[in-house]
Visitor: 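Questions regarding the structure given below will be posed in turn.
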There are 2 protein chains.
Amino acid sequence: MAKPSNFELKLLRYLWQRERLSAREIHQASQVETGWSYSTTRKALDRMVAKGLLRIEQIHGLKTFAAAHSKLQTMAGLIKDFARNILDTDEPLPAAAFAHSKFIEPEEIEALGVLLEELDQDDGSNVK
Amino acid sequence: MAKPSNFELKLLRYLWQRERLSAREIHQASQVETGWSYSTTRKALDRMVAKGLLRIEQIHGLKTFAAAHSKLQTMAGLIKDFARNILDTDEPLPAAAFAHSKFIEPEEIEALGVLLEELDQDDGSNVK
DNA sequence: ATGAACATGCGGCATATGTCGCATGTATAC
DNA sequence: GTATACATGCGACATATGCCGCATGTTCAT
């Protein structure tokens, strides 16, 4: 439901690849790209949990973070949002247009298309 | 250069259709859609001028607002931004994908494609 | 048992943006 | 010339987000 910001998306990308990681691991993986201090990464993760973007799983007392929504689900939401707010169209965008995205695999394009059209159905309400 | 926010975009759409309007006119046109009070519309316009999204033209002492950048220029920028930050791709998105946008006309698709590829050239720097 | 090495929680600051209201100024109508 | 109707400028507040640091706690090796 909540949309990740650009920077939050950067962190999400690591979680999508790795399933679930500790704060320290996420920080180390993303540090070069973000340039953030550990505190900043930490805070970002906390806020993402608060927004429902991440789930916490305790492992022997160590907090571990995992994406609450799948990559495709999230991407479909962002694409839909872009179509609605920026392009101002209700037609679902053709999934094929996103084939070049560095983290959408060819095999996933079809599933993305399905999600895009689904999102088009349940409108107004936010059920399902 | 500055990216308009979703709400700022809504106001821009009126300016693109109408060339140039007074604050009151913009407010009246957008009020139903935004639900804003006049003060809010005013403030939004002021901030857009500060950001360089709008130009002011005085007409007999009455301020008139006009978009600083063309519709296609702005859309190309937003699309490029979306591709880079959300999709994480450097390939320009196919302009054809946006044919359904309510305010991009069929005749404009080609020009949009050109802009999209141009934006791909001058990277890193922000000249031109 | 003392300290290095982390983890967690939380406070804090700046800027952007959504959202107003108020004070002052000007013009126009009676 | 006084009231009415706008225009303009500004201050304000809340929330989101980018960006830290510090205090406290736990763990583990020496």
Visitor: Within less than 4.0 Å of OP1 or OP2 of C:dA16, is there a side-chain N or O belonging to B:Ser5?
Guide: no

Visitor: Measure the distance from CG on B:Asp46 to P on C:dT19 and round it to the nearest whole Å.
Guide: 16 Å

Visitor: Heavy atoms, side chains only, cut-off 4.5 Å: are A:Ile79 and A:Leu112 in contact?
Guide: yes

Visitor: If you measure from the Lys or Arg side-chain nitrogens to the Asp or Glu carboxylate oxygens, is any gap between A:Lys71 and A:Glu108 under 4.0 Å?
Guide: yes

Visitor: Among A:Glu25, A:Glu33, A:His27, which residue meets the side chain to side chain donor-acceptor pair (under 3.5 Å) test with A:Tyr14?
Guide: A:Glu33

Visitor: Are any of B:Arg42's side-chain N or O atoms less than 4.0 Å away from OP1 or OP2 of D:dG9?
Guide: yes

Visitor: Return yes if the base of D:dG11 and the side-chain atoms of B:Lys43 contain a donor-acceptor N/O pair under 3.5 Å, otherwise no.
Guide: yes

Visitor: Would you check if the side chain of A:Glu117 reaches a backbone N or O of A:Val114 as a donor-acceptor pair within less than 3.5 Å?
Guide: no

Visitor: Using a strict heavy-atom distance below 4.0 Å, which residues from residues 8-41 of chain A are in contact with DNA chain C?
Guide: A:Arg24, A:Tyr38

Visitor: So is B:Arg24 actually on top of B:Tyr38's ring, under 6.0 Å and inside 45° of the axis?
Guide: yes

Visitor: Is there a salt bridge (charged side-chain N to carboxylate O under 4.0 Å, His left out) between A:Arg55 and A:Glu57 once you walk through the steps?
Guide: CA-CA 7 Å; A:Arg55 272 177 303 105; A:Glu57 288 170 39; 2.9 Å; yes

Visitor: Any carboxylate oxygen within less than 4.0 angstrom of a Lys/Arg side-chain nitrogen, looking at B:Arg42 and B:Asp46?
Guide: yes

Visitor: Round to a whole Å and report the spacing from CE of B:Met48 to P of C:dT17.
Guide: 10 Å

Visitor: Check this for me: B:Glu19, atom CD, are more than 12 non-hydrogen atoms of other residues, nucleotides or ligands nearer than 6.0 Å?
Guide: no

Visitor: Using a 4.0 Å cut-off on heavy atoms, which residues in residues 49-68 of chain A reach DNA chain C? List them by number, or say none.
Guide: A:Gly61, A:Leu62, A:Lys63

Visitor: Does the base of C:dT19 carry an N or O that pairs as donor and acceptor with the side chain of B:Arg47 under 3.5 Å?
Guide: yes

Visitor: Expressed as a whole number of angstroms, how long is the span from B:Leu45:CG to C:dT17:P?
Guide: 14 Å

